[in-house]
Amino acid sequence: MTAASERPLTFRTVVGQSRAWLPLIGAAALLGSLGMLALPLVLAAAIDAVAAGENATGPMLAAAGLILLGVACDLVEASAETACAADAAARLRTGLIRRLLAAPHRIARFDTGDLVARISAGAADAAHAGPSTIGTLAATLPPLGSLAILIWLDWRLAAAFAAGLVLVAAVLHLFAKQTATAAQHYQIAQSEMASRLTEALEGGRTIAAAGTIDTETRRLLTGLPALAHHGRATWKALSTAGARAAIAGPLTTIGVLAVAGFLVTGNSLTTGELLAAAQYAMMGAGLGSLTGIIAATARARAAVTRIAEVHNLSAMSYGTETLPPGAPGRLELHEVTVQPQNEPPLLKNITIKIPGGALAAIVGKSGSGKSILAETAVRLRDPDSGKVTLDGRPLPSLTHNEIRRATGLATARPTLAGATLADAMGPGRPHHRVLEAARAVGAHDFATRLPATYDTPLPDIPMSGGEAQRIGLARAWHADRLLVLDDATSSLDLLSANRIEEALAATGRTRLVVTYDALLAERADLVIWLQNGAIRTVGTHSTLWADPDYRAVFAR
């Protein structure tokens, strides 16, 4: 991680990440606003010239040029905002995905659907932070510019306009507050629905088999009323602001026109200047563009707040050390405790020593901490206290490449990723290494039966649970010192599982195996028996078998 990526994500940092586009957006908005402010004065000059019987060609050409300038600026601004938002969304999504992959153990509190909603819709809304900020600043130019020009025309016009601006500011303040609350609640409701939908899609076959489609449909749509409610709240805030604007804007214009009419009768203002004053009053007090910008800013702020909860998760840091050459893969855990914040401990004071090249079995009932111990052994999570070492080196002191080269983890239900079967088995590895791993775990015959063998697209491969486990095992096979199998052969037949264990033993690597298989535990050099996150006993299977509680662990 770079220093920049370690900074907390805030609305300000998202705006800063868009700085490549913001000068262009700002310049277009500034030129457009200046042209819009100049147009009434130019039209006033044209009207006064016509009224005086003079040539109005110059002012009319200038007015046409200002109109063209405004159109060009709007096109440039719209194009730049679109490109800016697209770049910012891509950058935010890349950062979020990197953070999720760098801190896998810290995202358990987020549902998958919620994370997808934050990364997709949330990042898209947050990406408008830069353009909406520039838009907000640019939106202040018409009222401020109108006030300045009205002061130049006559201070009494400016006084009437300023009184109306107070009403306009009050309307905008209330609208911003209501919109921000509605936008945040809408995004939360959207994520909750996405979470339920993800759960249903993952369990689609189970739902269909159980005949609970109607029940699940109702459950999925339980969040729809809340989503509609918050959506209506946004529209209500917008319509209420529009109704208030229908009062505040015309009152401001009427006030300026009344003063302007009085000044015209006193020959303090020309007819053209009266019309210009009216245009400045309408321009400065208009709320149409301001409400849109404020709504976009509110959505962006709410989205940044939500994705920051993910982005600001602390990622793992890595050291600079490597493992000593020729060491056998000795694993030691000393007083290791894993305890998420405000939750009971998942592991409590675990102290074990596994000799290099040994086969150690981790057993225990469901929820005893077996998988947590497996993840800690290969540093997919760090303990909250205590130390884990491999061949005498603390895991956090090792480089990222070193620890991933030395260790591997295969699970009962591996998540397979990649474009092809070869990618899933050995991401980024040479083809001969992929073949070697596939043959070792018995996946080569399966691969050669596919239409394009190892180059078959992964989504096109029909596979059973056992075949998925073989692919997961092949992916983890590269580990040259410590291989952790978290019930990773549970879907294989006994003969296949034994062949894989024999192949592993022949390599001399240390094996840490989470298992419910008594035969595998019997072959282990030592058994680590976990209960409620703590070690109950460490010994051999034959010694522990005399304990009925131990035998009950395998009675599934």
Side-chain angles (χ1 to χ4, degrees), residues 1-25 79-134 183-184 187-188 190-191 194-195 197-198 201 296-297 299-318 379-382 399-401 403-404 414-420 423-424 426-429 457-459 475:
M1 291 288 176
T2 64
S5 66
E6 291 296 334
R7 287 201 302 266
L9 187 72
T10 63
F11 188 85
R12 184 175 180 179
T13 58
V14 175
V15 173
Q17 290 172 359
S18 301
R19 58 182 176 271
W21 288 101
L22 298 187
L24 179 59
I25 297 173
S79 299
E81 285 181 354
T82 301
C84 177
D87 284 353
R91 190 178 299 109
L92 286 169
R93 286 168 179 151
T94 300
L96 286 170
I97 291 171
R98 286 184 179 275
R99 187 58 56 124
L100 291 176
L101 296 179
H105 61 293
R106 299 189 184 277
I107 64 173
R109 62 190 179 94
F110 298 101
D111 291 327
T112 303
D114 178 27
L115 289 173
V116 171
R118 295 183 196 229
I119 293 172
S120 55
D125 285 335
H128 288 277
S132 66
T133 298
I134 296 297
Q184 186 174 24
Q187 290 174 6
I188 291 172
Q190 193 177 43
S191 288
S195 296
L197 178 59
T198 302
L201 291 176
T297 303
R299 289 194 300 270
R301 285 189 176 277
V304 169
T305 298
R306 285 179 53 71
I307 65 177
E309 295 176 2
V310 178
H311 181 276
N312 295 341
L313 294 173
S314 57
M316 283 185 175
S317 59
Y318 294 88
R379 207 183 174 221
L380 289 181
R381 67 164 64 230
D382 281 330
T399 66
H400 179 271
N401 288 339
I403 194 169
R404 294 299 157 233
T415 300
L416 304 178
T420 65
D423 293 336
R429 298 192 192 107
L458 192 61
R475 184 174 57 194

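Please read all numbers here as calculations on a predicted model, not as lab measurements.
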Ser120 (side chain) donor-acceptor with Val116 (main chain) under 3.5 angstrom: yes
For Cys84 against Ser18, the heavy-atom pair lying closest together: SG-CB, 3.5 Å
Interatomic spacing from CD1 in Ile134 to CG in Leu22 - rounded to 0.5 Å: 5.0 Å
Heavy-atom pair with the smallest gap, counting every atom of Asp125 and Arg299: CB-O, 4.0 Å
Expected output: side-chain Arg306 to main-chain Arg118 donor-acceptor under 3.5 Å: no
Minimum heavy-atom distance between Thr133 and Ala129, given as atom pair plus value: OG1-O, 2.7 Å
Salt bridge (charged side-chain N to carboxylate O under 4.0 Å, His left out): pairs with one or both residues in residues 10-25, sequence neighbours excluded: none
Value rounded to 0.5 Å, distance of CG in Leu24 from CD in Glu81: 10.0 Å
Non-hydrogen atoms of Ile25 and Pro131 that approach each other most closely: CD1-CG, 4.3 Å
From Leu96 atom CG to Glu309 atom CD, the distance as rounded to the nearest 0.5 Å: 11.5 Å
Value rounded to 0.5 Å, distance of CD1 in Ile97 from CG in Leu92: 11.0 Å
Backbone of Ala127 reached by a side-chain donor or acceptor of Arg91 within 3.5 Å: no
Heavy-atom closest pair, residues Arg475 and Ala424: CD-O, 3.3 Å
Donor-acceptor contact below 3.5 Å, side chain Arg379 vs main chain Ile403: no
Phe11 versus Ser132, closest heavy-atom pair with distance: CZ-OG, 4.3 Å
Listed partners of Thr305 passing side-chain hydrogen bond (donor to acceptor under 3.5 Å, both in side chains), at least two apart: none
Which residues share a ring-ring contact (aromatic ring centres under 6.0 Å, His included) with Tyr318, sequence neighbours left out: His400
Thr420 backbone acceptor or donor facing Asp423 side chain under 3.5 Å: yes
Gap separating the CG atom of Leu115 from the CD1 atom of Ile307, nearest 0.5 angstrom: 12.0 Å
